[in-house]
Amino acid sequence: MKEYTSENLREMYLGFFEKRGHKVIPSASLIPENDPTVLFTTAGMHPLVPYLLGEKHPAGKRLTDVQKCVRTGDIDDVGDERHCTFFEMLGNWSLGDYFKKEMIPWSYEFLTGEEYLHIPSDSLAVTVFAGDETAPRDDEAAALWEKAGIKKENIYFMPRENNWWGPAGLTGPCGTDTEMFVIRKPKCSPTCNPDCSCGAFLEIWNDVFMRFNKTAEGKFEELKQKNVDTGMGLERALCVLNGKTSVYETDLFATAIKKIEELTGKRYGESEEVTRAFRVLLDHVRTATFMIGDEKGISPSNTDQGYILRRIIRRAVRYGRKIDLPEGALAKIAETYVEKYKHAYPELETNKARIAEELNAEEAKFSKTLQQGLKEFEKCVNGIERKNAFMSAKDPSYVPETVIGGKQAFHLYDTYGFPVEITAEMAKEKGLTVDIAAYEEAFKEHQEKSKAGSEGKFACGLADHKTETTRLHTATHLLHAALKKVLGEEVNQKGSNITEERLRFDFNFPRAMSEEEIRAVENLVNEKIKENLPVVMKEIPLAEAKKEEFTGLFESKYGDVVKTYSIGDFSREICGGPHAENTGELGKFKIVKEQSSGAGIRRIKAVLIHE
């Protein structure tokens with residue numbers, strides 16, 4: 001049986017679609033620019049939402065990529081055979097070009113072709129949409145699969161919950177899909193189908209046929225163009241193709257497993273408890289490595305993306321201690337991932353030092369209080385057990401208490417740095433729960449802080465493409481240029497967040513701006529607004545953009561052709577848009593706050609006033 005590695009599967013997939021007229025584009029950041037409803041890029045479609053909605057992509061109508069993604073809804077399940085928080089999604093895209101009659105035969109060819117995955121046709125099953133009030137039964141897809149070579153009895157019509165994909169957030173492009181499965185063993189019953197949990201069918205690929213846009217009101221509107229969006233999870237595909245029972249048995253984790261074995265003296269697989277601890281470490285350190293090493297690098301904090309990162313690192317530390325992982329070891333495990341992925345994701349090598357620094361700092365911070373916190377947690381548990389024993393002795397009908405109080409959970413967070421999810425997980429291991437409602441009540445001040453930080457869910461992107469949002473987006477270009485003029489050319493954007501009401505702009509600078517500097521920046525932006533400068537967009541090769549000194553992050557973000565926006569000779573940036581047509585539309589620019597956003601990072605909040 002042929003052994004597939006992550007490297008050759010990536011190359012094989014991209015090469016297949018490149019031969020069919022697709023442009024290979026790089027992975028976008030883990031922080032989505034075009035979806036304000038989620039913290040992370042959870043699917044390959046996130047970076048392409050504007051283009052799925054009809055905007056022209058610089059690389060054309062046929063694209064293919066490998067997108068790094070994070071999904072955090074199942075963090076507590078990590079440790080089993082299949083759950084991962086970070087994963088790679090192989091995908092190809094038609095932006096108003098080809099549709100079902102091209103995609104389904106290509107899918108069959110890639111799955112069964114001798115030079116590709118070479119899966120026997122009889123070992124494949126597919127599902128197609130059974131139809132509902134939004135869209136009819138997909139007989140076309142079923143006929144195309146049968147024509148390609150799938151047995152009729154292996155084609156299953158399934159309802160919306162199985163064969164409707166998207167949107168990735170609360171709104172956006174979506175549509176019916178067809179999913180592909182490898183048949184691993186005989187069906188458990190005559191009614192067994194790919195939705196059965198018996199393990200006979202393992203999903204390997206998914207083709208989405210996007211015809212709709214879900215609005216904020218929950219309506220499904222026809223898109224201006226029909227799109228194809230496919231997704232093949234690299235980890236799952238490797239597992240299926242190589243006949244493995246766990247994603248952790250693929251080459252992606254092999255070096256990291258050896259490193260953990262070397263550091264702990266334990267062996268992966270030696271016991272259920274040890275294996276679970278290994279898997280938590282393997283997943284969480286990999287995810288933390290990609291979060292910190294992202295081109296829009298995330299740091300541990302108490303809000304939004306930073307909170308998730310902190311929770312992941314601290315959960316890794318806790319499980320590491322269970323198998324005697326020494327302090328400072330997370331960064332050593334991370335080094336194996338930097339080495340493994342650096343060719344596919346060069347930003348990891350670029351940010352190698354930062355990854356180690358952030359991991360070491362967060363691990364040290366948590367390690368100082370970990371043992372004390374665990375002792376405090378045990379006190380909570382022992383107190384409940386003693387009370388239950390005492391009360392049961394007095395009254396045989398007494399119902400034992402099983403809940404750790406919210407104030408106790410908050411104390412573990414506030415004093416010992418235990419995210420409440422970790423406390424809840426430890427409680428579950430003891431057969432207890434946490435009073436989350438009471439915890440949240442005790443955490444009101446922190447909640448208010450989190451609400452203020454929740455604006456970060458927009459994460460460098462636009463909340464929408466409304467006129468005022470577009471104007472504020474254009475104003476960020478003027479602000480960026482003005483900051484460079486006033487504070488120095490070394491100032492660069494580190495993130496932006498734009499809603500219909502205001503803009504938020506993060507930039508590197510070592511100190512607070514003076515009142516004079518703030519006014520100088522504000523005045524310079526307003527001067528350019530008064531000049532009524534045209535905003536000119538040009539699509540040019542990336543090399544030309546570099547040569548012409550357009551501002552941008554050139555490491556890994558862009559394709560070969562980019563959109564550039566010039567505002568007179570004042571601002572020149574690479575950007576995806578949208579923008580106002582001229583600066584005269586913007587109104588008066590007003591900075592309302594300048595503050596710290598992290599070590600060496602400042603944040604400006606500003607508004608546009610229309611008199």
Side-chain angles (χ1 to χ4, degrees), residues 33 296 455 458-463 467-538 545-546 548-554 557 562-598 600-611:
E33 292 197 13
K296 295 176 184 171
E455 296 167 353
F458 295 111
C460 305
L462 279 65
T467 301
E468 193 60 20
T469 312
T470 299
R471 289 170 176 168
L472 282 158
H473 185 201
T474 307
T476 63
H477 285 234
L478 296 176
L479 173 60
H480 195 183
L483 286 167
K484 285 178 172 290
K485 300 284 186 190
V486 174
L487 302 179
E489 284 297 324
E490 66 275 11
V491 169
N492 284 298
Q493 176 180 341
K494 293 299 179 183
S496 71
N497 161 224
I498 303 162
T499 70
E500 196 174 4
E501 291 77 31
R502 56 96 187 106
L503 69 82
R504 193 186 72 197
F505 189 88
D506 291 354
F507 58 98
N508 60 299
F509 199 59
R511 59 171 174 80
M513 292 173 65
S514 67
E515 281 298 318
E516 291 77 13
E517 288 169 333
I518 292 172
R519 297 288 79 81
V521 168
E522 190 176 85
N523 291 338
L524 189 50
V525 172
N526 281 316
E527 283 177 21
K528 299 305 171 185
I529 290 174
K530 287 179 182 177
E531 291 176 19
N532 200 27
L533 299 170
V535 180
V536 180
M537 189 278 284
K538 286 197 307 181
K546 289 182 182 181
E548 294 186 15
E549 298 183 342
F550 278 89
T551 300
L553 301 173
F554 293 113
K557 182 178 177 181
V562 294
K563 285 185 176 180
T564 64
Y565 286 84
S566 301
I567 304 177
D569 57 4
F570 183 69
S571 169
R572 292 155 59 80
E573 290 198 27
I574 296 174
C575 187
H579 297 79
E581 291 187 6
N582 60 72
T583 62
E585 299 176 19
L586 305 189
K588 185 179 179 181
F589 179 79
K590 176 69 175 175
I591 294 175
V592 295
K593 184 178 281 189
E594 191 273 348
Q595 65 190 79
S596 172
S597 178
I601 305 295
R602 305 299 299 177
R603 172 171 292 170
I604 281 176
K605 292 183 180 179
V607 296
L608 292 174
I609 301 168
H610 300 282
E611 298 174 342

Member of Leu503, Ile518, Val607 meeting the side chain to side chain contact (heavy atoms under 4.5 Å, CB included) criterion with Ile591: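 Considering Leu503, Ile518, Val607, a side chain to side chain contact (heavy atoms under 4.5 Å, CB included) with Ile591 is found only for Ile518.
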Do any N or O atoms from the side chain of [X] and from the backbone of [Y] form a donor-acceptor pair under 3.5 angstrom?
{"X": "Asn526", "Y": "Lys588", "result": "no"}
{"X": "Asn532", "Y": "Gly584", "result": "yes"}
{"X": "Thr564", "Y": "Lys538", "result": "yes"}
{"X": "Asp506", "Y": "Ser496", "result": "no"}
{"X": "Arg572", "Y": "Glu548", "result": "yes"}

Determine which pairs satisfy salt bridge (Lys or Arg N to Asp or Glu O under 4.0 Å) with at least one residue from residues 467-478, sequence neighbours left out, and list them in order.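 Those involving residues 467-478 are Glu468-Arg471.
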Test log, rule side chain to side chain contact (heavy atoms under 4.5 Å, CB included), inputs Phe550 and Val562: CA-CA 11 Å; Phe550 278 89; Val562 294; over 6 Å; no
Search all heavy atoms of Ala580 against all heavy atoms of Leu586 and return the closest pair with its distance.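 For Ala580 versus Leu586, the nearest heavy atoms are CB-CD2, 4.1 Å.
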Ignoring hydrogens, what is the shortest heavy-atom contact between Phe570 and Ala482? Give both atom names and the distance.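 Shortest heavy-atom separation between Phe570 and Ala482 comes out as CZ-N, 3.8 Å.
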Any side-chain heavy-atom pair of [X] and [Y] under 4.5 Å:
{"X": "Thr474", "Y": "Ile567", "answer": "yes"}
{"X": "Thr551", "Y": "Ile574", "answer": "no"}
{"X": "Arg504", "Y": "Arg603", "answer": "yes"}
{"X": "Met513", "Y": "Arg602", "answer": "no"}
{"X": "Leu472", "Y": "Leu608", "answer": "yes"}
{"X": "Phe589", "Y": "Leu479", "answer": "yes"}
{"X": "Tyr565", "Y": "Val536", "answer": "no"}

What residues form a salt bridge (charged side-chain N to carboxylate O under 4.0 Å, His left out) with [X], not counting sequence neighbours?
{"X": "Glu501", "result": "none"}
{"X": "Glu517", "result": "Arg511"}
{"X": "Glu573", "result": "none"}
{"X": "Glu585", "result": "none"}

Show, in sequence, the C-alpha distance, side-chain angles and deciding distance for Lys528 and Glu531, and conclude whether the salt bridge (Lys or Arg N to Asp or Glu O under 4.0 Å) test is met. CA-CA 5 Å; Lys528 299 305 171 185; Glu531 291 176 19; 3.4 Å; yes
Give the C-alpha distance, both sets of side-chain angles, the deciding distance and a yes or no for side chain to side chain contact (heavy atoms under 4.5 Å, CB included) between Glu522 and Lys590. CA-CA 6 Å; Glu522 190 176 85; Lys590 176 69 175 175; 3.4 Å; yes
Heavy-atom count around Glu581 CD within 6.0 Å, excluding the residue itself: above 12?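 Counting neighbours around CD of Glu581, 12 or fewer heavy atoms of other residues, nucleotides or ligands fall under 6.0 Å, so no.
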Describe, in one word, how the ring planes of His473 and His477 are oriented to each other, choosing from parallel (under 30°), tilted (30 to 60°) and perpendicular (over 60°).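 Because their plane-to-plane angle is over 60°, the rings of His473 and His477 count as perpendicular.
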Atom OG in Ser514, atom CG in Leu487: separation rounded to 0.5 Å?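 Between atom OG of Ser514 and atom CG of Leu487 there are 8.5 Å.
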How long is the span from the CD atom in Glu489 to the CG atom in Leu483, to the nearest 0.5 Å?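 Here the rounded value is 11.0 Å.
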Do Asn492 and Lys484 have a side chain donor and acceptor closer than 3.5 Å?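 Indeed, the side chains of Asn492 and Lys484 share at least one donor-acceptor pair under 3.5 Å.
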Quiz question: by atom type and distance under 3.5 Å, do the side chains of Asn497 and Arg502 form a donor-acceptor pair?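 There is such a pair (donor and acceptor under 3.5 Å, judged by atom type) between the side chains of Asn497 and Arg502.
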Please determine whether side chain to side chain contact (heavy atoms under 4.5 Å, CB included) holds for the pair Asn508 and Ile601, giving the CA-CA distance in whole Å, both sets of side-chain angles, and the decisive distance to 0.1 Å. CA-CA 5 Å; Asn508 60 299; Ile601 305 295; 4.3 Å; yes
For Phe505, which residues count as a ring-ring contact (aromatic ring centres under 6.0 Å, His included) partner, sequence neighbours excluded?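 For Phe505, the residues satisfying ring-ring contact (aromatic ring centres under 6.0 Å, His included) (neighbours in sequence not counted) are His480.
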